[in-house]
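Single-structure report; data block below.
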Amino acid sequence: MEGAVGAGSGGPEAELGLRRLSFAYQGLAEIPYEIILEQRDSLEVLDLSYNLLEDPALLGELERLSTLILDSNSYSAHVKFPYMPSLTTLWINKNHISNLPIFVEELRCKFPNLKILSMMNNEAAPSYFNGGSLPQYLDYRLYVVSQLWGLEVLDDTEVTEEERALARRTYRKQRLRDPSKKKEPPL
């Protein structure tokens, strides 16, 4: 793939202007910021899957980053992301996210243009795969959609207009009680 380099392909430091970069399956405990930030003017897709990562603090310097893949790491609901208005896609499947309201609030504040979110196989995202029931899964979807209004895809399923309307009705009281939340769009 043109403009893409993996960590095992002779070193991404040799090429500037990459659009895609992968450090997946490297067993990393820390994000290799030195190499990644060399691509700050061009990087659009960053894959840090299957590592031992916990702190994404400096990723905010990647102003063009639109897709961040953090599957199978050590992120919890208390992760503190940098503000990243360019991010539209976040995959954070199979981490240690157990508190949905705390995590979703972080996403709402830090990724205002998020369109695609996948957080399957986390405790906070109940499904058939991790022992959750269908009612738990449906409630999870409604809650996330009610808080992240611009979301178009959650996990592996598109957000429908009917689902969006039901989410607004179901969780409207919660949003009205918190004056710090942005005004709700009209039904």
Side-chain angles (χ1 to χ4, degrees), residues 1-97 100 102-122 124-125 129 144-145 147-159 164 182 185:
M1 176 183 306
E2 187 174 314
V5 167
S9 66
E13 64 279 355
E15 185 178 346
L16 292 177
L18 297 175
R19 290 182 39 223
R20 298 171 183 264
L21 188 59
S22 176
F23 283 94
Y25 296 95
Q26 300 296 308
L28 301 172
E30 295 181 5
I31 295 173
Y33 286 117
E34 186 176 315
I35 295 169
I36 291 171
L37 293 179
E38 288 177 359
Q39 309 301 326
R40 79 180 80 218
D41 295 329
S42 61
L43 196 60
E44 296 173 9
V45 178
L46 179 59
D47 186 350
L48 296 168
S49 297
Y50 293 89
N51 286 295
L52 306 168
L53 304 173
E54 298 177 350
D55 183 14
L58 294 178
L59 294 178
E61 294 186 34
L62 300 170
E63 294 179 5
R64 296 191 60 184
L65 193 69
S66 61
T67 300
L68 181 58
I69 305 168
L70 299 172
D71 295 347
S72 295
N73 275 288
S74 298
Y75 292 105
S76 75
H78 299 282
V79 61
K80 297 299 180 205
F81 288 105
Y83 182 70
M84 298 178 73
S86 64
L87 198 78
T88 58
T89 302
L90 176 64
W91 291 356
I92 192 159
N93 302 298
K94 200 174 181 185
N95 275 273
H96 305 287
I97 301 164
L100 189 61
I102 288 173
F103 184 70
V104 170
E105 179 64 13
E106 179 71 5
L107 300 182
R108 189 183 69 76
C109 292
K110 302 296 177 67
F111 307 136
N113 297 304
L114 194 62
K115 304 282 183 228
I116 300 170
L117 171 63
S118 187
M119 53 182 291
M120 294 185 283
N121 213 355
N122 280 289
F129 298 109
V144 173
V145 169
Q147 304 303 303
L148 303 174
W149 293 326
L151 210 58
E152 296 172 1
V153 177
L154 176 57
D155 297 329
D156 60 351
T157 307
E158 285 188 36
V159 176
R164 198 177 306 283
K182 292 191 253 178

Hey, does the side chain of [X] reach the backbone of [Y] with a donor-acceptor pair shorter than 3.5 angstrom?
X: Gln26; Y: Ala24; value: yes
X: Gln39; Y: Gly17; value: yes
X: Arg64; Y: Arg19; value: no

(request) Assess whether side-chain contact (heavy atoms from CB on, under 4.5 Å) is satisfied between Val159 and Glu152, documenting all intermediate values. (result) CA-CA 5 Å; Val159 176; Glu152 296 172 1; 5.8 Å; no
Could you grab the distance from atom [atom1] of [X] to atom [atom2] of [Y], nearest 0.5 Å is fine?
X: Leu154; Y: Met120; atom1: CG; atom2: CE; result: 9.0 Å
X: Leu68; Y: Leu62; atom1: CG; atom2: CG; result: 9.0 Å
X: Leu48; Y: Ser22; atom1: CG; atom2: OG; result: 7.5 Å

Sorted by chain and residue number, the ring pair (Phe, Tyr, Trp, His ring centres under 6.0 Å) partners of Tyr75 (sequence neighbours excluded) come out as none
The ring pair (Phe, Tyr, Trp, His ring centres under 6.0 Å) partners of Tyr25 (sequence neighbours excluded) come to Tyr50
Using the side chain to side chain donor-acceptor pair (under 3.5 Å) criterion, which residues pair with [X]? Sequence neighbours excluded.
X: Asp71; value: Asn93
X: Glu106; value: Lys110
X: Asn51; value: none

query = Does the pair Trp91 and Ile116 meet the rule for a side-chain contact (heavy atoms from CB on, under 4.5 Å), with working shown?
reply = CA-CA 8 Å; Trp91 291 356; Ile116 300 170; 4.2 Å; yes
Residues that [X] engages under side chain to side chain contact (heavy atoms under 4.5 Å, CB included), provided they are two or more places apart:
X: Tyr33; result: Ile31, Leu37, Leu58, Leu59
X: Asn121; result: Lys94, Asn130
X: His78; result: Ser76, Ile102

Which donor-acceptor pairs under 3.5 Å do side chains of residues 79-90 form with protein atoms, sequence neighbours excluded?
| from | atom 1 | to | atom 2 | distance (Å) |
| --- | --- | --- | --- | --- |
| Ser86 | OG | Glu63 | O | 3.1 |
| Ser86 | OG | Leu65 | O | 2.6 |
| Thr88 | OG1 | Ser66 | O | 3.3 |

How far apart are the closest heavy atoms of [X] and [Y], and which atoms are they?
X: Asn122; Y: His96; result: OD1-N, 3.5 Å
X: Leu28; Y: Leu53; result: O-CD2, 3.5 Å
X: Arg108; Y: Gln147; result: CD-O, 3.3 Å
X: Ile97; Y: Met119; result: CG2-CE, 4.0 Å
X: Asn73; Y: Leu52; result: OD1-N, 3.3 Å

Practice problem: Run the numbers on Leu117 and Phe111 for side-chain contact (heavy atoms from CB on, under 4.5 Å), then give the verdict. | Solution: CA-CA 11 Å; Leu117 171 63; Phe111 307 136; over 6 Å; no
Applied to residues 48-61, the salt bridge (Lys or Arg N to Asp or Glu O under 4.0 Å) test, sequence neighbours excluded, yields Arg40-Glu61
